[in-house]
Amino acid sequence: MTHPVRVRFAPSPTGDPHVGNIRTAVFTWLFARHHGGAFVVRVEDTDRARSVQGAVEAILQSLRWLGLNWDEGPDIGGPFAPYVQSQRLDLYRQAAHDLIGSGDAYKCYCSPQRLADLRQRQTRQNRDTGYDRRCRDLDAPPMPEDASQTPVVRFRMPQDGSTAVDDLIRGRVTFENRLAEDFVLLKSDGYPTYHLANVVDDHSMRISHVLRAEEWLPSTPRHTHIYKALGWTPPKFAHLPIILAQDRSKLSKRHGAASFLEYPRQGYLPDAMLNFLTLLGWSLDDKTEILSRKELVHHFTIDRVNRSASIFNRDKLLWTNGSYLRSMTPEALADALLEYWRAYPTPQIPNTPRRGLLARIAPLIAERIKTLDQAAPLIHFFFRDEIDYETEDLIQKGMDRAVTCTALERTLELMTAAQPFDADTLEAALRPLAKELGLKPGQLFGSIRVAASGLRVAPPLFESLEILGRERALSSIGKAVERLRSPAVDSPPGR
Ligand code: GLU
């Protein structure tokens with residue numbers, strides 16, 4: 001009988017999720033969906049000192065935004081609930097008790113002070129640091145001075161030989177047992193360590209495959225021994241390559257967003273982000289950069305995961321996002337913008353634009369933006385009655401106030417006459433006007449652009465005018481003419 005695929009994402013709520021955490025979630029989710037298995041979310045909050053309020057919600061929100069749906073988890077429950085380790089303490093205590101019973105674990109009464117002194121001595125003598133196994137073979141608890149100390153429970157690790165870990169990505173990795181100390185399973189506060197809780201839960205939740213970051217590989221031989229001592233079959237392991245910054249330093253807040261939730265705010269698309277994160281350590285071949293969610297699920301297998309470090313390249317992320325934006329239909333881009341502005345309101349777009357109008361505008365900027373947050377500064381004038389600019393901005397290089405005024409007056413005449421009021425007709429009328437006035441097209445169009453949009457850099461002019469419509473275009477340009485005619489308004493006295 002083949003066992004169903006069950007995988008888990010097991011974050012520790014110690015702070016805001018970062019790219020590395022979420023990449024693990026992405027790979028785990030893709031693996032589950034590729035194999036038609038279950039994706040489980042489990043909160044590993046046994047380190048009470050490091051748990052941070054709100055961290056679980058930030059993690060779940062990141063998963064939701066990326067569209068990584070889970071089948072069992074802290075919020076929705078499931079057959080192996082609860083999915084929060086601090087609510088499962090009895091299970092870990094029972095396992096520790098069993099391990100003591102079988103002689104695979106023992107109580108250790110050493111005080112934190114003794115352990116600190118020991119470590120100091122070992123460091124001074126240039127020896128490997130680690131627990132010296134003083135309590136390993138005690139017949140009875142030491143008396144009397146340490147008797148009040150609540151003991152921890154330590155695992156009895158073998159002292160010679162080696163432990164092999166078969167990793168689906170790295171192959172067989174061997175660890176020398178003599179380097180392994182008798183690590184703690186249960187702390188004196190009654191909480192388990194990561195090692196114990198992780199093993200107990202992966203077993204009790206019937207996890208078939210563990211996908212996790214490479215930094216956990218050195219912990220795996222410990223886990224292997226716990227499984228063996230409890231008579232359990234371990235899951236299969238796949239340790240995902242580390243993610244480095246472009247200069248190959250450790251990825252830090254400096255390189256990416258401090259919190260993963262900054263990406264939605266910065267205007268990245270979930271599908272583009274999913275695509276980008278999957279390529280951090282996985283590839284289909286040596287050239288394919290864009291894969292849809294469906295394609296990723298279809299192709300995702302562990303044998304395509306790299307062993308070497310992945311490099312986080314922010315330009316590539318921008319490029320990927322830009323490429324998704326360009327390939328969207330106008331309606332889809334309009335919807336993405338509306339959703340973005342709903343989630344992150346901007347004063348530049350004070351009222352919700354009409355979807356139909358936005359879908360006409362969207363194609364004008366699809367080529368120019370790489371993230372959704374770049375849209376509002378380019379198109380806000382479509383949605384506002386009053387536009388804001390300095391009168392001087394109307395006057396292009398090589399022009400003066402009078403010439404600009406005449407040019408815009410003539411523009412008003414031609415625009416009033418244009419029939420129909422569309423991009424082609426307007427261009428056909430206004431190009432010759434530049435010539436007639438002895439201006440370069442760029443000069444005339446620059447003035448019109450500022451008059452109509454308030455912007456020096458804006459979407460293509462004639463298409464924008466067409467979408468603004470005759471009435472609004474005439475009104476904005478009329479206002480620009482008025483400004484130019486009344487120099488007193490902006491010029492300092494005596495100029
Ligand atoms: N709680 C661990 C973490 O935050 C999980 C490691 C594992 O998946 O075993 O990374």
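Side chains are part of it too, since the values below use all heavy atoms of this structure and drop only hydrogens, waters and symmetry mates. Just so you know, ligand 1 is whichever comes first in the structure, and atom 1 is the first atom listed for that ligand.
Between Phe383 and Trp341, the angle of the ring planes goes over 60°, which puts this pair in the perpendicular group of the 30/60° scheme. Phe312 and Tyr263 have tilted rings, their planes meeting at an angle from 30° to 60° on a 0 to 90° scale. Classified by interplanar angle (parallel below 30°, tilted 30° to 60°, perpendicular above 60°), the ring pair Phe155/His225 is tilted. The aromatic rings of Tyr340 and Tyr344 sit tilted relative to each other, their planes meeting at an angle between 30° and 60°. Between Phe39 and Phe9, the ring planes lie parallel to each other; the angle is under 30°, not in the 30° to 60° tilted range.
Ligand 1 has no N or O atom lying under 3.5 Å from any N or O atom of Val210, backbone or side chain.
At the top of the distance list for atom 10 (O) of ligand 1, counting protein heavy atoms only, stands Trp216 NE1, 3.2 Å. Of all protein heavy atoms, the one lying nearest to atom 8 (O) of ligand 1 is Arg8 NH1, 2.7 Å. Annotation: atom 1 (N) of ligand 1 to nearest protein heavy atom, Glu44 OE1, 2.7 Å. In terms of protein heavy-atom proximity, atom 5 (C) of ligand 1 is closest to Ala10 O, 3.2 Å.
The atoms of ligand 1 that sit less than 4.0 Å from any heavy atom of Ser12 are 1 (N), 2 (C), 3 (C), 4 (O). The distance from ligand 1 to the heavy atoms of Asn198 drops below 4.0 Å at these ligand atoms: 7 (C), 9 (O). Near Arg212, the atoms of ligand 1 lying under 4.0 angstrom from a non-hydrogen atom of the residue are 7 (C), 8 (O), 9 (O).
Screening Thr28, Leu63, Val40 for a side-chain contact (heavy atoms from CB on, under 4.5 Å) involving Trp70 leaves a single residue, Leu63.
At a 4.0 Å cut-off, not a single heavy atom of Glu215 sits close enough to ligand 1 to count as contact. Residue contact annotation: Phe9 has no non-hydrogen atom under 4.0 Å from ligand 1.
Counting all heavy atoms, side chain and backbone alike, His34 lies closest to Phe300 at CG-O, 3.1 Å.
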